Amino acid sequence: MDTPFAFVFARNGAHNILVDTGFMREGTGAEMSERFGVPEWISPLILLAELDVKPADITDIILSHAHFDHAGSVHKFPNARIFIQKSELLSWHEAMALPPQFGFLTAIINPDDLRNIFDASVEHRVTLLDGDKDNVLPGVHARFGPGHTIGQQFIILQSARGEIVVSGDCVYSSTNIAGHNHDGVYVPLNNAVGSVWDQLKTIDRINDVVQGDLSKLIILHDNHRWENLPLVKEIDGFRISRAH
């Protein structure tokens with residue numbers, strides 16, 4: 001599969017926000033990178049440094065879900081509050097406790113990420129969301145979007161050009177919304193532990209927000225690599241693009 005990995009940095013006043021974090025190629029993260037055949041990687045910290053953002057500058061992290069490629073760097077941001085759906089976090093603890101024959105469910109979960117989120121909880125830096133919530137942070141809205149995982153969410157950002165939706169993994173490509181041959185029939189994801197029914201309802205919710213305008217949708221695994229977004233900088237073949 002040709003699948004890029006991405007995360008979003010947003011700034012609003014005193015808030016330096018990450019929507020997802022990418023992952024670190026160290027420890028179990030390195031093992032998972034090998035297991036899933038990720039041939040090229042750059043540290044999220046290097047990309048942020050190109051924007052003059054230090055790890056300590058990040059004030060808030062909103063996790064779309066807890067898969068290793070989205071939550072694998074949370075421990076690198078010691079001052080950040082973490083926002084995640086309660087059902088997302090608790091469902092992974094439940095899944096981890098199941099017998100080994102249920103291992104398919106947790107194949108994309110790095111237990112170290114769950115440990116790091118727990119450590120942040122002990123430091124009172126984790127907020128568990130319970131469904132939709134407007135203004136989680138100023139101009140940042142969370143929408144419950146199960147299907148790919150039990151408790152995934154997608155994020156709406158208020159920007160200079162209006163509302164922008166960050167998909168998490170509710171959508172993997174424009175085909176999920178536009179349909180095969182642009183026939184408008186929603187296409188479910190191949191990789192999921194939730195239900196297809198929930199996936200398609202979540203895709204429909206996203207479509208309602210963007211009103212069919214896919215230029216308002218940031219697909220983190222966009223295999224067209226954000227062709228519609230202006231390029232800010234390229235580092236060793238990795239792109240920083242502007243979403244607004």
Side-chain angles (χ1 to χ4, degrees), residues 5-33 41-49 51-98 105-106 108-146 149-157 166 168-169 220:
F5 296 80
F7 62 96
V8 172
F9 170 70
R11 179 175 282 142
N12 189 348
H15 294 279
N16 291 316
I17 306 160
L18 295 181
V19 181
D20 292 342
T21 68
F23 70 98
M24 303 304 296
R25 190 175 267 181
E26 58 187 32
T28 309
E31 295 172 14
M32 299 189 79
S33 180
W41 172 87
I42 190 171
S43 170
L45 307 185
I46 291 175
L47 295 176
L48 289 169
L51 301 175
D52 295 322
V53 177
K54 302 179 184 67
D57 296 336
I58 299 298
T59 57
D60 307 277
I61 295 170
I62 304 178
L63 293 177
S64 64
H65 62 301
H67 280 164
F68 86 98
D69 54 313
H70 295 262
S73 300
V74 289
H75 60 299
K76 296 296 184 180
F77 305 101
N79 299 324
R81 294 183 298 165
I82 299 170
F83 298 85
I84 187 171
Q85 288 287 331
K86 178 169 69 173
S87 60
E88 176 71 7
L89 187 59
L90 298 186
S91 67
W92 290 123
H93 285 290
E94 180 179 356
M96 283 289 180
L98 292 172
L105 296 176
T106 55
I108 315 178
I109 288 290
N110 182 346
D112 290 340
D113 298 338
L114 298 181
R115 294 184 184 101
N116 290 328
I117 295 171
F118 178 79
D119 288 344
S121 300
V122 173
E123 297 170 1
H124 307 290
R125 291 192 292 113
V126 173
T127 297
L128 298 179
L129 304 178
D130 195 5
D132 295 352
K133 185 172 179 59
D134 288 337
N135 292 305
V136 173
L137 299 165
V140 181
H141 315 303
R143 295 291 181 264
F144 189 51
T149 65
I150 298 298
Q152 188 178 216
Q153 60 186 341
F154 62 93
I155 306 303
I156 302 172
L157 302 177
V166 182
D169 280 0
L220 295 182

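The figures here come from the full heavy-atom set of this structure, side chains too, leaving out hydrogens, waters and symmetry mates. Starting from 1, each residue takes its place in the sequence as its number. A quick note: this is a predicted structure, and the numbers were derived from the prediction, not measured.
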Checking F144 against E88 for the side chain to side chain contact (heavy atoms under 4.5 Å, CB included) test, could you report, in this order, the C-alpha distance in whole Å, the side-chain angles of both residues, the deciding distance, and whether it holds? CA-CA 10 Å; F144 189 51; E88 176 71 7; over 6 Å; no
Checking side chain to side chain contact (heavy atoms under 4.5 Å, CB included) for the pair I155/R143: CA distance, chi angles, key distance, verdict? CA-CA 6 Å; I155 306 303; R143 295 291 181 264; over 6 Å; no
Distance alone, cut at 3.5 Å: any donor-acceptor contact between the side chains of H65 and D169? yes
Tell me, do R81 and V126 make a side-chain contact under 4.5 Å, heavy atoms counted? no
Rounded distance [0.5 Å steps], CD1 in I46 versus CH2 in W41: 6.5 Å
Quick one, I117 with L63, criterion side chain to side chain contact (heavy atoms under 4.5 Å, CB included). Give me CA distance, side-chain angles, the key distance, then yes/no. CA-CA 11 Å; I117 295 171; L63 293 177; 3.9 Å; yes
Provide the full list of salt bridge (Lys or Arg N to Asp or Glu O under 4.0 Å) pairs with a residue in residues 22-31, sequence neighbours left out, each pair given once. E26-K76
With rounding to the nearest 0.5 Å, note down the distance linking CG in L105 to OG in S91. 9.5 Å
When you look at NE2 of H93, are more than 12 heavy atoms from neighbouring residues, nucleotides or ligands closer to it than 6.0 Å? yes
Starting from the C-alpha separation in whole Å, work towards a yes-or-no answer on side chain to side chain contact (heavy atoms under 4.5 Å, CB included) for N79 and D57. CA-CA 8 Å; N79 299 324; D57 296 336; over 6 Å; no
What closest approach, in Å, do L128 and K86 show between heavy atoms, and which atom pair accounts for it? CB-CB, 3.9 Å
Taking every non-hydrogen atom, the tightest pair across M96 and P111: CE-CG, 3.9 Å
Under a 4.5 Å cut-off applied to non-hydrogen side-chain atoms, are V53 and L47 in contact? no
Nearest heavy atoms of L129 and Q85, plus distance in Å: O-OE1, 3.1 Å
Less than 4.5 Å apart, side chain to side chain, heavy atoms only: is that true for H70 and L220? yes
Within-4.5 Å side-chain heavy-atom neighbours: F7 and S73: no
Do I58 and T21 come within less than 4.5 Å of each other through their side chains, counting heavy atoms only? no
For the residue pair L45 and F77, establish whether any side-chain heavy-atom pair is separated by less than 4.5 Å. yes
Side-chain contact test, heavy atoms from C-beta onward, threshold under 4.5 Å: evaluate it for V140 versus H15 and give yes or no. no
Any side-chain heavy atom of V136 sitting closer than 4.5 Å to one from T127? no
Rounded distance [0.5 Å steps], CG in D112 versus CE in M24: 13.0 Å
If the condition is salt bridge (charged side-chain N to carboxylate O under 4.0 Å, His left out), which residues does E123 pass it with, not counting sequence neighbours? R125
Checking D20, I84, I82, L137 against I62 for side chain to side chain contact (heavy atoms under 4.5 Å, CB included), the one that qualifies is L137
Interatomic distance, CG@D113 vs CZ@F68, rounded to 0.5 Å, equals 9.0 Å
Parallel, tilted or perpendicular: which describes the rings of F23 and F5, with under 30° parallel and over 60° perpendicular? perpendicular
